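So the structure is just underneath, and the comments pick up after that.
Worth saying up front: this structure is predicted, and the values here are computed from it rather than measured. Labels below follow one simple rule: chain letters A, B, ... track the order of the sequence lines, proteins then strands, and each chain is numbered from 1. All values below were derived from every heavy atom in this structure, side-chain atoms included, with hydrogens, water molecules and symmetry-related copies excluded.
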There are 2 protein chains.
Amino acid sequence: MTLSEENYLKAIFNLQQETDKGVSTNAIAEFMDTKASSATDMIKRLSEKKLLIYKPYQGARLTDKGRMHAVKVIRKHRLWETFLVENLEFSWDEVHEVAEQLEHIDSDKLIKQLDKFLGYPKNDPHGDPIPDENGNIATIEKKILAELQKNDEGICVGVDDSSSAFLKYLDKLNISLGNNIKVIEKEAFDNSMSIEVDGNKLTISSLASKNIYIKKTK
Amino acid sequence: MTLSEENYLKAIFNLQQETDKGVSTNAIAEFMDTKASSATDMIKRLSEKKLLIYKPYQGARLTDKGRMHAVKVIRKHRLWETFLVENLEFSWDEVHEVAEQLEHIDSDKLIKQLDKFLGYPKNDPHGDPIPDENGNIATIEKKILAELQKNDEGICVGVDDSSSAFLKYLDKLNISLGNNIKVIEKEAFDNSMSIEVDGNKLTISSLASKNIYIKKTK
DNA sequence: ATTAATTTTTAGACAAATCTAAAAATTTGT
DNA sequence: ACAAATTTTTAGATTTGTCTAAAAATTAAT
């Protein structure tokens, strides 16, 4: 399996999460920041390798084999991100680029031992679940902060946007995973929110509140 | 810099250590387990990038730029090997293959932090020196065990052959880095040796004794 | 039910890295 | 010095992954 094939598998896996329809050639091309003709070529290759099933105008769907492979890459990515933050003093906005490289290292023993070394972590530094060895991905009942009502309360368990800009912004606001967040006020005018983060009051925009996941406690 | 280019650079660096002559196309091809025509192509590319200077029939020599890059790859390789043995329970005969992949990961911060995490190690699990950030490689006065005389004594500081087969053989004999080794007897007939390793007496073949490095103490 | 818009595929080219087979250049041996 | 042996290069093909531009297929709209 080449690096490029793995990246396409990952892309298709991610796009598939968002719908129950097949993933279109154009959608894949856009996600991969490439041209539709390139996507067509790769779809053909992955299809020949039985990693996905493709029907024109109905999109691509990963086979069990394809899904398993994609999840393994995601598992590696998230374990490496955890290592970088926990052991190499990376901050959560710096890990992605390096993990994109490390995720393609091929060694079962390596990933097994890394998992053990890290103490079998459940989530990566952005709160995303780390798939287990068998490809199972745990889900938790989380809500988008923007959907909470006044006086609702919960724990910050993840972010939807893992871009460096957004993560740095959260750092500045002192919002991080595990924080207790309470909705003080919702502003109907622009959908901004007054919230209390571990005791500190602050205001965040609608856009920001749509990218923060909360596990409700109240 | 592509993966393949880095591997050729490393090969040429290694071959250059063994002679003061330039490294021939054929020698490179043989080392890389490929054909001379492929080596010619790559030499041309590396030459265009000013990573080496090549004169037909006189061989290739790395420029400062080329040497620096090769050494950086070697630094990464040896740091990762150290990590695998020290933290992920790999044995010294298992690390090479994985390190061959990890050495190509491109991130200055990663390697700097890994070095710090490992406590700035001086040598990798095979006793080879880890180049510093500036590309300097420490040398120690070591001798091949086969060259020691009766009653000579020293510390095992490295191996010349890092093949899995040889390293496993050393494990079986309970020989590892740091052991004190004393020559009890040299057999003129087949050049085998009786030695004492941290108190235990054993006999090793001429071939084995040529692949063990000793830092003499007596 | 045709046209229009969109989606997808094909055709042909390119760069990287390799190969085989043959040709060219250089060195060595007598 | 000349043929023989060796080393190196060229020429042309192949695979992977990409591109542009154009053609074909399908879906949507009036």
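Summarising the geometry, the separation between CG on A:Asp41 and C1' on D:dC19 is reported as 10 Å, rounded to the nearest angstrom. Atoms CD (A:Glu5) and C1' (D:dT18) sit 14 Å apart, rounded to a whole Å. Rounded to whole angstrom, the span from the NZ atom of B:Lys35 across to the C1' atom of D:dT6 amounts to 17 Å.
The residue A:Thr25 sits close only to the backbone: its heavy atoms come under 4.0 Å of sugar-phosphate atoms, none of a base. When heavy atoms are screened at a 4.0 angstrom cut-off, B:Ser4 is found touching the sugar-phosphate backbone but no base atom. At the heavy-atom level, A:Ser37 lies under 4.0 Å from base atoms of the strands shown. Counting any heavy atom pair closer than 4.0 Å across all strands shown, A:Lys44 reaches sugar-phosphate atoms only and no base atom.
Side-chain atoms of B:Thr25 and B:Tyr54 include a donor-acceptor pair closer than 3.5 Å. Side-chain contact check for B:Asp124 and B:Trp80: no donor-acceptor pair (N or O, by modelled atom type) lies under 3.5 Å.
No more than 12 heavy atoms of other residues, nucleotides or ligands shown are found within 6.0 angstrom of CD on A:Glu30.
Here chain B contacts DNA chain C (any atom closer than 4.0 Å to a heavy atom, that is under 4.0 Å), and the contacts span C:dA17 to C:dT26 from 5' to 3'.
Ring-plane geometry between B:Phe117 and A:Phe83 is classed as perpendicular, the angle between the planes exceeding 60 degrees on a 0 to 90 degree scale with a lower cut at 30.
Mapped onto DNA chain D by nearest heavy atom, B:Ala36 and A:Met32 fall at different nucleotides, with B:Ala36 at the one closer to the 5' end. Comparing A:Arg45 and A:Pro56, the nucleotide of DNA chain D nearest to each residue sits closer to the 5' end for A:Arg45.
Centroid-to-centroid, the aromatic rings of A:His96 and A:His77 come within less than 6.0 Å.
Both tests pass for A:Lys109 against the ring of B:Phe90: distance under 6.0 Å to the centre and angle within 45° of the axis.
Close to D:dT16, at under 4.0 Å from its OP1 or OP2, lies no side-chain N or O of A:Tyr8.
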